[in-house]
Amino acid sequence: MRKANNSIQSEKICRIVPPWNLLSGGLAFLVPLMVYWLTLAPDVTLEDSAEYACAAKTLSPAHPPGSPTWVILAHLFGMIPVGTYIQRTNVFSALCVSGAAWCIHHLLWRETRRWDLALSAALVLAFSRCIWGLATVTYNYPLNLLFITAAMDLASNWRRTGRPTSLAGLALIGGLGVGVHHLFILISPVIALYALWGRWRNLLTQRVLFPALIGLLLGLSVLLFLPVRMAQHPPIRWGAIDSFSSFLDYFSRKVYKEAEGGIWYSGSLTDSLRFLAAFFRGFPREQGGLLVLLAIPGIPAFWKKSPLLALAAGGILFFNGPVLLAMGGSTYTPTSEYINRLYYLPATAFLAIFTVFGWDAVVKWLPDRIYFLDRPGKNILTGRTGCPFLSSKAFGTALVLCAPLFPLALNWKACDRSDYHLAREYLENLLISMPDGGMVFPLTNNETFLLAYAHYVEGNPRARLLDRRFGWDEKEAPKALFTAWNVGQSSPHPLTSVLGAVETLPRTILYQVFKTEPLEGLERFKVMEAVRYRISSHPADYPCLSPFERMIFAAYSAYYAGLGAYHHLKGRIDARDQAFEHAEKLNPGDPYCHYLLGQLYHETHTGTREQIQSHFTEADRLFEGVYDPLDTRFYGITRDMIQLQMNAFKEHPLHLPQTEKAG
């Protein structure tokens, strides 16, 4: 009887919402949304964003595990007839992250009754770099973060009130979350344990168990979208789902692993440790520099307020960090390390809570140790010795609310995509490079997803991919075949498994594919075409250049380097120098330009010994600093090829026989 009365009393308390909480809850949602609106990407962006926009537009499963929940919701949101389609899906991400911030606010207010702490934590979460960056583009991670925070909020409400609707809502969110991303599955044991710890007996009653089971089954039913939609032959198909085993292969991402060649899943223990080091090293970048160190005193401060919730938040950090890294087994490279940051959104979100609690602990500790010589007495309002103003509640609240200003100020430039047109420019330049009837054999996501976006979202018939995943009919033979990656000596040519013996020749920013070897050595650059590309941005314009952005600048740089080689062979020295200067500006520090210049000077006998030696030496020096086996910036050259040219030049400085082909 006493337990029932306590539950009723707790429910009554939870229904009493002070005006300050209503206001702060509104700010927790509206302030991030306003910031996201100001920094929202106006157009298509790189990485997987273009592919997700295609999936939403065509109602096709995205790459495994398919993300059916996101695809359905984004498709419905994209039907709103305002703005372009990509702008709608970008706004959908902003709304999801703003909703996640509100859920964290609601969760913390319920647990602490401190609206200032709740608002500050919600805003620190919203302005963390990776979270903010994903809130301004089309992606499924924002919806995943919303479901995780909403599940924690519902679990807290269930613990305090015992209402069956809260647990049923939690089960529904859990089922739908499984259909967004595997991260939710990884975090779900922590959420379930938090909800049921000390309350599991309440679950055994009929009025609680049945609604929860119904909610879970309804949520999981979204997975039926995958086989049902696949049977209808949608435009985008990452494999067939015609049996239960094929469904498991798709949902477990086995299909995706095989498509990527397994390189992401061949890491060692050393790779995992390097990822773990990067995981912890990245926290200051995410949340306002040294502010994140306050998470250390924030752990005991949070524990005092809500021990079980603090334990659950720590569990999410652990499962989303070390456990995920141990399970991943990826090869550590600069590119894969960058991509792995996307997986840590839940950890980043709940770290914000510890950080703000640590900040609050410092705010409480500091005034008692600041004294004015003429005011040594006790504070009349608080009864504490020290400065009356610094000890006041209003000043403490103001200081707590200052915490989000650190990540807001430090991350604005890195996350502001309001003037982001790099992907659009690259897409237009790709289309300029393609003749009518030509197709692109895709090897990198930049070209694959952008051309698919142009075809399926914008309806451009010239954007065509020789790829079964994106609607290519094998009966349709292209008039000309191109690829965006000149794969040479650095790795096995992936086209050989499809077309047999082939050769790729540089023509534009795309390389034309031939089934014979029409040209050798430097002669390959005689087929280059001078194209007027629209390139309005440079690497220096991006404070945090991602590997995917770097690949685009590297593609531009390689084109102009090849064009410089073409002018050199034609005897156009001024045009050659302009092309190589342009290549160097578009991709500073790339070894390819130096390698190619050294080879040109040497094999055409047009450079001095010092010039040739300096270019080979510089190419060798730069290669070590930028090497990434998952990166396409080297265009078929390896460290061995550079050193081979260096050694050959030392032995035969004037008459070097033809050796390796240039990339």
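The model shown is predicted, which means the values in this text are computed figures rather than measured ones.
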Nearest heavy-atom pair of [X] and [Y]: which atoms, and what distance?
| X | Y | result |
| --- | --- | --- |
| A62 | Y52 | CB-CE2, 3.6 Å |
| R129 | L410 | NH2-O, 3.8 Å |
| F275 | E337 | CE2-CA, 3.6 Å |
| I509 | A555 | CG2-O, 4.3 Å |
| Y559 | E529 | OH-O, 2.6 Å |
| Y85 | H75 | OH-CA, 4.0 Å |

query = Hey, mind stepping through Y533 and T508 against side chain to side chain contact (heavy atoms under 4.5 Å, CB included) and telling me if it holds?
reply = CA-CA 10 Å; Y533 287 126; T508 57; 3.0 Å; yes

Parallel, tilted or perpendicular: which fits the ring planes of [X] and [Y], with parallel below 30° and perpendicular above 60°?
| X | Y | value |
| --- | --- | --- |
| H181 | Y343 | tilted |
| Y36 | W132 | tilted |
| Y595 | F616 | tilted |

For a quick check under 3.5 Å, do [X] and [Y] share a side-chain donor-acceptor pair by atom type?
| X | Y | result |
| --- | --- | --- |
| S557 | D590 | no |
| S536 | H421 | no |
| Y556 | N429 | yes |

Validation: residues 451-461 side-chain donor-acceptor distances under 3.5 Å, sequence neighbours left out:
residue	atom	partner	partner atom	Å
H455	ND1	N460	O	3.3
H455	ND1	A463	O	3.1
Y456	OH	F470	O	2.7
E458	OE1	R424	NH1	3.3
E458	OE2	R424	NH1	3.3
E458	OE2	R424	NH2	2.4
N460	OD1	R462	N	3.0

ask   = Knowing that exactly one of V137, L46, T136, D43 qualifies, which makes a side chain to side chain contact (heavy atoms under 4.5 Å, CB included) with Y420?
value =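 Of the listed options, the one satisfying the test is L46.
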
inquiry  = Could you check whether any side-chain heavy atom of T39 comes within less than 4.5 Å of a side-chain heavy atom of C415, counting everything from C-beta outward?
reply    =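 Counting from C-beta outward, T39 and C415 never come under 4.5 Å.
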
request  = Could you go through the side chain to side chain contact (heavy atoms under 4.5 Å, CB included) check for S60 and R237 one step at a time?
outcome  = CA-CA 7 Å; S60 302; R237 291 165 53 92; over 6 Å; no

Step-by-step side chain to side chain contact (heavy atoms under 4.5 Å, CB included) determination, E618 to H615 = CA-CA 5 Å; E618 186 66 6; H615 281 300; 5.8 Å; no

